Amino acid sequence: MKLSLLIFLFLIITVFSGRYEELVNQINAANAGWISKENLEFSKKTDEDLKRLFNLKIDPPENFEKTKIRREKLTDPPANFDAREAWPGCIGGISDEGKCGSSWAIPAVEALSDRLCIESNSTIKVRLSPQFLVDCDSYNFGCNGGWLYAAWQFLTSNGSVSIDCYPYTSGGSGEPGLCRNTCTNGSDFSFYFANDFYGVWEVYWIMTEIYLRGSIQSAFTIFEDFLHYSSGIYSHVAGNEIGGHSLRIIGWGVDNGVDYWICANSWGTSWGINGYANILKGFNECGIETTIVTGHPKVAN
Ligand SMILES: *[C@@H]1O[C@H](CO)[C@@H](O)[C@H](O)[C@H]1NC(C)=O
Ligand SMILES: *[C@@H]1O[C@H](CO)[C@@H](O)[C@H](O)[C@H]1NC(C)=O
Ligand SMILES: *[C@@H]1O[C@H](CO)[C@@H](O)[C@H](O)[C@H]1NC(C)=O
């Protein structure tokens with residue numbers, strides 16, 4: 001009994017751990033400025049699971065034309081900027097979307113939460129609920145992806161409630177829940193809103209936006225190698241394109257002359273650099289500098 005269990009486990013581990021071995025070796029041999037480590041969480045997933053997880057819709061350029069685009073430019077941006085240092089206590093940590101393709105919602109509510117704290121001089125310190133969007137935003141597709149613009153439209157018109165009121169519950173099932181109209185403990189909703197939303201692109205505008213107002217949401221084309229990122233400055237090296245993904249950019253830096261964005265991902269803290277990734281800046285890597293949406297928080301009526 002015990003022996004057969006051990007053999008079974010051994011087989012499972014050997015089958016899964018081989019899946020991306022060649023890719024990981026290829027990346028590490030390329031000396032591309034980052035280190036890859038096989039992420040067994042993704043090795044275990046079926047193609048169907050991956051498809052759902054990376055079903056994010058990357059807004060076409062027309063969506064940008066519909067909304068205001070901010071074109072502010074700092075004259076002399078610093079070489080390094082980290083929102084966590086600029087606004088201590090305002091910038092949220094790392095979430096875990098689990099099996100639910102909610103990366104359209106998590107960075108949106110996270111960026112708005114950061115911005116509410118910043119704009120209110122730390123008087124509004126609330127972490128907003130992505131689950132409220134997953135369950136209730138009918139312009140988007142729950143655990144099956146969504147549009148950044150539609151997420152911010154929803155945050156502007158409907159807002160979100162606190163994560164304590166409406167916790168994240170889709171990580172295990174990969175399915176959305178029913179849209180509720182009270183907190184889990186039965187108390188009434190208190191809503192928090194974005195005042196407006198807009199696109200930002202071009203490296204200097206993006207830096208200016210983060211420098212003045214904090215975190216932004218970005219969508220990019222995801223390739224298999226990103227799943228197995230461990231440290232360093234990511235740029236696409238190898239592997240197939242597998243869809244779209246979104247994350248929150250909270251600053252930038254430079255290492256040995258190579259510029260990067262500091263990005264908060266939503267795959268828990270054991271992925272990447274404690275849940276964060278540094279992604280090459282200035283080259284529109286995988287489209288990361290062309291699909292950026294953010295907005296002003298609503299801090300007063
Ligand atoms: C935050 O502080 C700034 C500068 O002191 C002030 O102009 C602004 O009105 C304050 N905002 C809030 C919401 O209190
Ligand atoms: C979003 O706001 C609209 C307009 O106020 C309202 O009709 C709708 O019920 C809201 N949706 C949710 C899920 O709260
Ligand atoms: C219910 O949860 C909300 C949100 O976390 C909280 O503000 C409120 O105090 C709770 N109410 C009770 C009766 O525990």
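Remember, it's 1-based here, ligands and their atoms both numbered in the order they're listed. The shown structure was predicted, so the numbers you read here are calculated from the model rather than taken from an experiment.
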- prompt: Side chain, backbone, both or neither: which part of S187 has a heavy atom under 4.0 Å from ligand 3?
  reply: side chain

task: State whether the side chain of R115 and the backbone N or O of G214 hold a donor-acceptor pair below 3.5 Å, judged by distance alone.
output: yes

- request: Report yes or no: does D225 contribute a side-chain atom to a donor-acceptor pair with the main-chain N or O of A238 at less than 3.5 Å?
  value: yes

Is there a protein heavy atom at a distance of less than 4.0 Å from [atom]?
atom	value
atom 5 (O) of ligand 2	no
atom 2 (O) of ligand 3	yes
atom 14 (O) of ligand 2	yes
atom 9 (O) of ligand 1	no

For the residue pair [X] and [Y], confirm or rule out a side-chain donor-acceptor distance under 3.5 Å.
X	Y	result
Y20	N39	no
N185	S187	yes
Q217	W152	yes

Where ligand 3 meets D164 - atom numbers and elements under 4.0 angstrom, heavy-atom basis: 5 (O)

- prompt: Would R84 count as a cation-pi partner of Y276, with NZ or CZ less than 6.0 Å from the six-membered ring centre and within 45° of the ring normal?
  reply: yes

message: Counting only nitrogen or oxygen atoms and a 3.5 angstrom limit, does N185 reach ligand 3?
response: yes

N158-ligand 2 polar pair, N/O distance under 3.5 Å: yes

query: Which of the numbered atoms in ligand 2 are below 4.0 angstrom from a heavy atom of C136?
result: 13 (C)

message: If you apply the rule side chain to side chain donor-acceptor pair (under 3.5 Å), what do you find for Q153 with W147, and how did you get there?
response: CA-CA 10 Å; Q153 171 68 63; W147 304 94; over 6 Å; no

message: I'd like to know whether N265 forms a side chain to side chain donor-acceptor pair (under 3.5 Å) with Y229, so could you lay out the CA-CA distance, the side-chain angles of the two residues, the decisive distance to 0.1 Å, and finally the verdict.
response: CA-CA 11 Å; N265 201 0; Y229 167 86; over 6 Å; no

message: Taking 4.0 angstrom as the limit and counting only heavy atoms of E119, give me the atoms of ligand 1 inside it, by number and element.
response: 11 (N), 13 (C)

- request: Among all protein heavy atoms, pick the one closest to atom 12 (C) of ligand 1 and tell me residue, atom and distance.
  value: N121 ND2, 3.4 Å

